[in-house]
Amino acid sequence: MARLKELFKKSNYITLSGTREESSSPTVPEGLWMKCPKCKEVIYKEDVVKNHYVCPKCQGYFRMKAKTRIKMIVDKGTFEEWFAGMPVSNPLDYPDYEEKIAQVQEKTHLDEAVRIGKAKIEGESVVIGVCDARFLMGSMGYVVGEKITSSIERATEEKLPVILYCCSGGARMQEGMVSLMQMAKTSAAIKRHSLAGLLYLPVLTDPTTGGVTASFAMLGDIILAEPGALIGFAGPRVIQQTIGQKLPEGFQRAEFLVEHGIIDGIVTREKQKSTLLGLVRLHKRNRSYTQFSRTPLSEIQEKSSEKKQGKHRDGGKEIGAWERVQIARDAGRPSSLDYIHAVFDEFLELHGDRAFRDDGAIVGGLGLLDGQPVTVIGVQKGKNTKDNIRCNFGMPSPEGYRKALRLMKQAEKFNRPVINFIDTPGAFCGIEAEERGQGEAIARNLMEMSDLKVPVLSIVIGEGGSGGALALAVANEVWMMENATYSILSPEGFASILWKDSKMAPEASEVMKITASDLYHLRIIERIITEPVPASLDNLGEIAEELKKEMKSFLCRMDKKNPEEIAALRYERFRRM
């Protein structure tokens, strides 16, 4: 796990970068000097090579040969090519097709548009494939589809992760419907690989379009892309001609796809090897959670009687429910990301619901808890007006809940526990949320979470508002910060509906039983995290240490259960309510 430090940086996890112009990407020419087709500058070739084939002046990405790409990623001398030399397929008897293939083979020294095989990255065995745009624009015909499918099947047999660098103009027209069928064939192989609990990582490069985008390129557990890569089903010129409208700046570029929730993130070339290595290592099957790397088991399992009983301290005076409501809403309380960065050693944020948008109100990704991989999800509020607008004031939209569910199902596949942080006044209510199915998104989370075969822990750190909070709280255990609230709706809403007067919110908060103490005695929650003084960034470190210790204790208890028992316990928890 040592190399994970190069991948996970708390201030440098995958984020959006600026959009790029839609000019064609440069290609690597021969000779000592080369001209970058993007910025038109003449550059010393050695400088480009040292810079991972990125223009040192404009940061434009040169397209890379498959051989060069493999050399950049894998350990020297470890690449063993699979399924090379397959015979040419010409199902349409397309005129001169075999001759065209022979000419391209001679020019590129490739037998087809993809090279794929087994290799090692820092000693970790993987199957890695690279599409090469020099071979008929990386288009997918029978041989490409068969090489990828056969390699994924072999990877499944050998229980190996698969990394595919995608670059393609789409299906190969000269092979007609046979080419189209490769989309289904490769996708079916990926499904079997996934059912075996194995990692599939596509990296999208410029361009990735057509039938490749609509098949193996978009089916990864985690989908990464290079900056500025053109990614889409139909090409931009086709779209523009079809709809008769000018396309927005940056349309179909990698940055556009992150913003719209289609891919997880963007990774630059100099970080690709460490990123892929870190993800491969992170997705190995977890060892027992009784084997935390830094804390003796006896210390993890040590719990004071105060914590067992769920008691809490009030600093000598009882704090009323309404006062706790005000504390829970305080903008100075730590946010989900504050807790994530304080509790977990490392965190890599993943993005999007793969369908519509990346909702800023939900953050989620992969974390390390004393070296153990976990999936972490949180409802995020902003610290200022700009942040609050980006996070929609902590009110998730349907795509936020769908992103959370995607990450939880991914956690189940890889046997990772899920830890959720909840701080929301409620799910966003608006025209667009209803148009995109807010109710269905919440209901789907409730149903799917009830049967997850991995431990789920949810912690209410601020506001726990209505179904918007419950959508992340179908857990084996639910904990609350001492000054958090968890309610059917806001006290103002309660007073307005039942008493026709929202100004009676303070009285309503007492009646509703929404504090941690109330809900512990109602058996709605299992634990109270004490706040001798209200949680803030000043005392976050102390709270984070207590949370970490309690989380490890929870995971040790869950470690004794098999997957079916974990799901059954969660069902019985709610069945008692």
* Does CG in Leu537 sit with more than 12 non-hydrogen atoms of other residues, nucleotides or ligands closer than 6.0 Å? ->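 Atom CG in Leu537 is crowded, with more than 12 foreign heavy atoms closer than 6.0 Å.
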
* Asked: Just wondering, more than 12 heavy atoms not from Lys561 lying within 6.0 Å of its NZ?
  ->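 12 or below, so no.
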
* Asked: Counting N and O atoms only, with roles assigned by atom type, does the side chain of Asn445 sit under 3.5 Å from a partner on the main chain of Ile442, one being a donor and the other an acceptor?
  ->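 It does not hold such a pair.
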
* **Worked check of side-chain contact (heavy atoms from CB on, under 4.5 Å) between Leu224 and Ile222** => CA-CA 7 Å; Leu224 302 176; Ile222 297 171; 4.0 Å; yes

* **Partners meeting ring-ring contact (aromatic ring centres under 6.0 Å, His included) with His260 (sequence neighbours left out)** =>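 His260 satisfies ring-ring contact (aromatic ring centres under 6.0 Å, His included) with Phe256 only.
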
* Sequence neighbours excluded, which residues qualify as ring-ring contact (aromatic ring centres under 6.0 Å, His included) partners of Tyr200? ->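 Testing Tyr200 for ring-ring contact (aromatic ring centres under 6.0 Å, His included), a comparison that skips the adjacent residues, returns none.
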
* State which residues pass side-chain hydrogen bond (donor to acceptor under 3.5 Å, both in side chains) with Asn388; sequence neighbours excluded, sorted by chain then number. =>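 By the side-chain hydrogen bond (donor to acceptor under 3.5 Å, both in side chains) rule, Asn388 matches no residue at all.
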
Nearest non-hydrogen partners of [X] and [Y], listed with the distance:
X      : Y      : answer
Leu489 : Ser487 : O-OG, 2.9 Å
Pro161 : Ser125 : CD-O, 3.6 Å
Ser466 : Ile488 : OG-O, 2.9 Å

* Please list all pairs passing the ring-ring contact (aromatic ring centres under 6.0 Å, His included) test where one or both residues lie in residues 353-412, with sequence neighbours left out. =>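 Listed once each, the pairs would be none.
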
Using a 4.5 Å cut-off on heavy atoms from C-beta on, say whether the side chain of [Y] contacts that of [X].
X      : Y      : result
Leu452 : Arg570 : yes
Ile152 : Ile190 : yes
Pro417 : Thr375 : no
Glu482 : Ile529 : no

If you measure from the Lys or Arg side-chain nitrogens to the Asp or Glu carboxylate oxygens, is any gap between [X] and [Y] under 4.0 Å?
X      : Y      : value
Glu463 : Arg324 : no
Asp423 : Lys381 : yes
Glu550 : Arg527 : yes

Contacts of [X] that satisfy side chain to side chain contact (heavy atoms under 4.5 Å, CB included) - sequence neighbours left out:
X      : result
Arg575 : Tyr571, Glu572
Ala196 : Thr156, Leu198
Arg390 : Asp387
Ser336 : Gln380, Phe421, Ile461

With sequence neighbours excluded, what pairs up with [X] under the salt bridge (charged side-chain N to carboxylate O under 4.0 Å, His left out) test?
X      : value
Glu440 : Arg402, Arg444
Glu158 : Lys118, Arg154
Asp353 : none

* Asn483 and Glu531: side-chain donor and acceptor closer than 3.5 Å? ->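 Checked: Asn483/Glu531 side chains pair up, N/O donor to acceptor below 3.5 Å.
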
* Asked: Looking just at side-chain N and O atoms, do Glu226 and Tyr165 make a donor-acceptor pair shorter than 3.5 Å?
  ->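 Per modelled atom types, Glu226 and Tyr165 side chains form no pair under 3.5 Å.
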
* Residue pairs, two or more places apart or on separate chains, that pass side-chain hydrogen bond (donor to acceptor under 3.5 Å, both in side chains) and touch residues 450-460 ->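 Residue pairs passing side-chain hydrogen bond (donor to acceptor under 3.5 Å, both in side chains), neighbours aside: Asn420-Ser458, Asp451-Lys453.
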
* Assess whether salt bridge (Lys or Arg N to Asp or Glu O under 4.0 Å) is satisfied between Asp338 and Lys383, documenting all intermediate values. => CA-CA 11 Å; Asp338 291 328; Lys383 299 290 188 182; 3.0 Å; yes

* Give, for atom CZ of Arg269 and atom OG1 of Thr275, the distance between the pair rounded to the nearest 0.5 Å. =>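 Those atoms lie 14.0 Å apart.
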
